J.: 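To start, I am sharing the structure in question, which I have written as structure tokens.
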Amino acid sequence: MLISFAYTLLANPVALTLLGIYGLLLVATISVYSLGHSKSETDHTELQDRMKSWWIMVILFTLAIVLDRKVSIVYFSLLSFLALREYLSLIPTRRVDRQILLWAYLAIVLQYLWIGIGWYGMFLIFIPIYVFLFLPMRMVISGETQGFLNAIGTLHWGLMLTVYAISHLSYLLMLPSEGNPGSGGVGLLVYLVVLTELNDIAQYCVGKLLGQYKIIPKVSPSKTVEGLCGGILVTTGLAIALAPWLTPFKVLPAMGIGLLLSVTGFMGDVTLSALKRDLGIKDSGTLIPGHGGILDRIDSLTYTAPLFFISRSTSTTEGNGFEARLEKPIFPTLSQASGARDWLAHPPSAPLTHLRSSDFSCQPQQSSRYPCAHVFVSPVANPSPAPCRR
Amino acid sequence: MSLFPLLRIHHLRPVADEQYFLEHSRALAWFSRQVLDIIPVSRSPSLETGGSYLTPSLDPHPCGHRAFLKNCDAALHQNQILILYPEGTRGEPERLAQFSSGIAHLAKHHPQIPLIPIFLQGLGKALPKGKCLLVPFLCHVVIGEPLYWTGNKPTFLNLLTERIQALSTEDYFPTWE
């Protein structure tokens, strides 16, 4: 039984990657502790704290993705909650907005509920549209206009970063597995998170070793050109190496994804640095010993998660074969029009302007009294000239 | 209270407003007496309209305060730990008010007992006075060095205020207006 368990473990690319991560952690921990023994004059406690925190974070992440889909949704919603709470405790807020902040917290619950029930359309638009429109309205109802723009601007930016962006990690697990036959959504999630975090570490290490030219000293004095380039090289290499295991990407798209993740991961890092610099603080919190706050750890992910999510479908060779299916339509009328539904589920790989008129089929709605007034136009995957029935 | 080790929890005696904790509702009164084990302090009628509560010298009905100070004395003699808010009231959330002199009286009576200044931040945002809706915020507790009776009431109160103000600038705290 043990042998069969080991066999399934080795056959599973996600498990193998995680094993590799634990191996890396072990090597790093041993080297950090031996460093602490050899050179006693320098203080290595921060580095040791950082390693301990890495162990805890990696174990929690493993449990979240291995146990159950529900567990993972709860895990990521908790991550969003901790990040949003940290953010709202850092920024200046108004007394009158106390209850409105509770509505913002409620947005976390709803956003992850859409993920849980697989309502893809709602997941995409809930925070950018509904919450975006609701919160200022609620603020207006409480009647305080002094500092209104600041309050709503900072609140919505925080929601986008800590809830909307992070929830994309969670939705990766909900994607249908046929798009990534090897390891499914879990593979993509592990690919994204491992690359983003290793990119952070690589940029830090290369910057420490070779760093000379500061890239944006006004925002983050420790960021160097050498660090960024080292991060890009390591991440792109890893992206290509891990792609055949965890993703359906071929070499060239994997290289693109590696470049994208390393550059945007850097962007996320410095964006949160700018926030901290503006507030005059070094770390966003004290939740993770050796790292700082939760925002310090997920800063890169706030950029890479949504960008990876939307770019992954264009990176597969099958084109739109790995789009998330709309299990629940945004509006009921769209579900009745099967053509529109198909179009939403499988967007055309070519821009609409390049389509010929023969790519379209007209599907009159049967229940309508005026069929031709309610025609839904949809480009079909295999264009077959279908005449308009009038 | 949760900052203290569980084994010493029976030593803790929060000083709390009698009218709110004991006369508001029966359940709260039971909880305050049996679980929290509070030392009640009553606000005197003449000072209802604001001002400090723990000022026996100004008080037209000093018996209540004498009894209160006696309770505190007894508790301190039994090696218990008093938790008190020298502002005498919660006042406006997240704003430091003038300290009352009651704390100075206690310190004068017990010059050997250390007073540990503690600054609390964020609690007034999470659950301000009179609200029942808790909004999650990170709260900070900053604990200072112990201080003792200086021999003089104004200097002691000034020292205490200075210490607390120093604690309030020890970390970054966002504005709350």
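These numbers were taken from a predicted model, which means no experiment stands behind them. Each chain gets a letter, A, B and so on, in the order its sequence line appears, and its residues count up from 1.
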J.: Give a yes or no on whether A:Arg95 atom CZ has more than 12 heavy-atom contacts from other residues, nucleotides or ligands under 6.0 Å away.
T.: yes
J.: More than 12 heavy atoms of other residues, nucleotides or ligands under 6.0 Å from CZ of A:Phe132: yes or no?
T.: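 No, the 6.0 Å shell around CZ holds no more than 12 heavy atoms from other groups.
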J.: List in chain and number order the residues that pass side chain to side chain contact (heavy atoms under 4.5 Å, CB included) with B:Lys108, two or more places apart in sequence or in another chain; answer none if no residue qualifies.
T.: B:Trp149
J.: Which bit of A:Gln146 is near chain B, if near means a heavy-atom gap under 4.5 Å: side chain, backbone, both or neither?
T.: neither
J.: Are the side chain of A:Tyr105 and the backbone N or O of B:Pro136 linked by a donor-acceptor pair below 3.5 Å?
T.: yes
J.: Would the number of heavy atoms belonging to other residues, nucleotides or ligands and lying under 6.0 Å from CD of A:Gln99 be above 12?
T.: no
J.: First locate atom OG1 of A:Thr93, then atom CZ of B:Phe137, and finally report the distance between them rounded to the nearest 0.5 Å.
T.: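 Interatomic distance, A:Thr93 OG1 to B:Phe137 CZ, rounded to 0.5 Å: 4.5 Å.
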J.: I'd like to check the salt bridge (charged side-chain N to carboxylate O under 4.0 Å, His left out) partners of B:Glu23; sequence neighbours left out, ordered by chain and number.
T.: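 Not a single residue meets the salt bridge (charged side-chain N to carboxylate O under 4.0 Å, His left out) criterion with B:Glu23.
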J.: Determine the option with the most heavy-atom pairs under 4.5 angstrom with chain B, choosing from A:Ile91, A:Asp97, A:Val96, A:Leu90.
T.: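 Option with the top pair count is A:Leu90.
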J.: A quick test of your reading: do over 12 heavy atoms of other residues, nucleotides or ligands sit less than 6.0 Å from CD of B:Glu145?
T.: no
J.: Tell me the closest heavy-atom pair linking A:Ser89 and B:Pro174, and the distance in Å.
T.: O-CG, 3.0 Å
J.: Minimum heavy-atom separation for B:Val135 and A:Arg98, please, with both atom names.
T.: CG2-O, 3.3 Å
J.: Under 4.5 Å, heavy atom to heavy atom, which residues of residues 267-291 of chain A contact chain B?
T.: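 Listed by number, the contacting residues are A:Leu279, A:Ile281.
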J.: Between atom CG of B:Leu138 and atom CZ of A:Arg85, what is the distance when rounded to the nearest 0.5 Å?
T.: 4.5 Å
J.: Pull out the residues in residues 115-126 of chain B that come under 4.5 Å of chain A, heavy atom to heavy atom, sorted by number.
T.: B:Lys125, B:Ala126
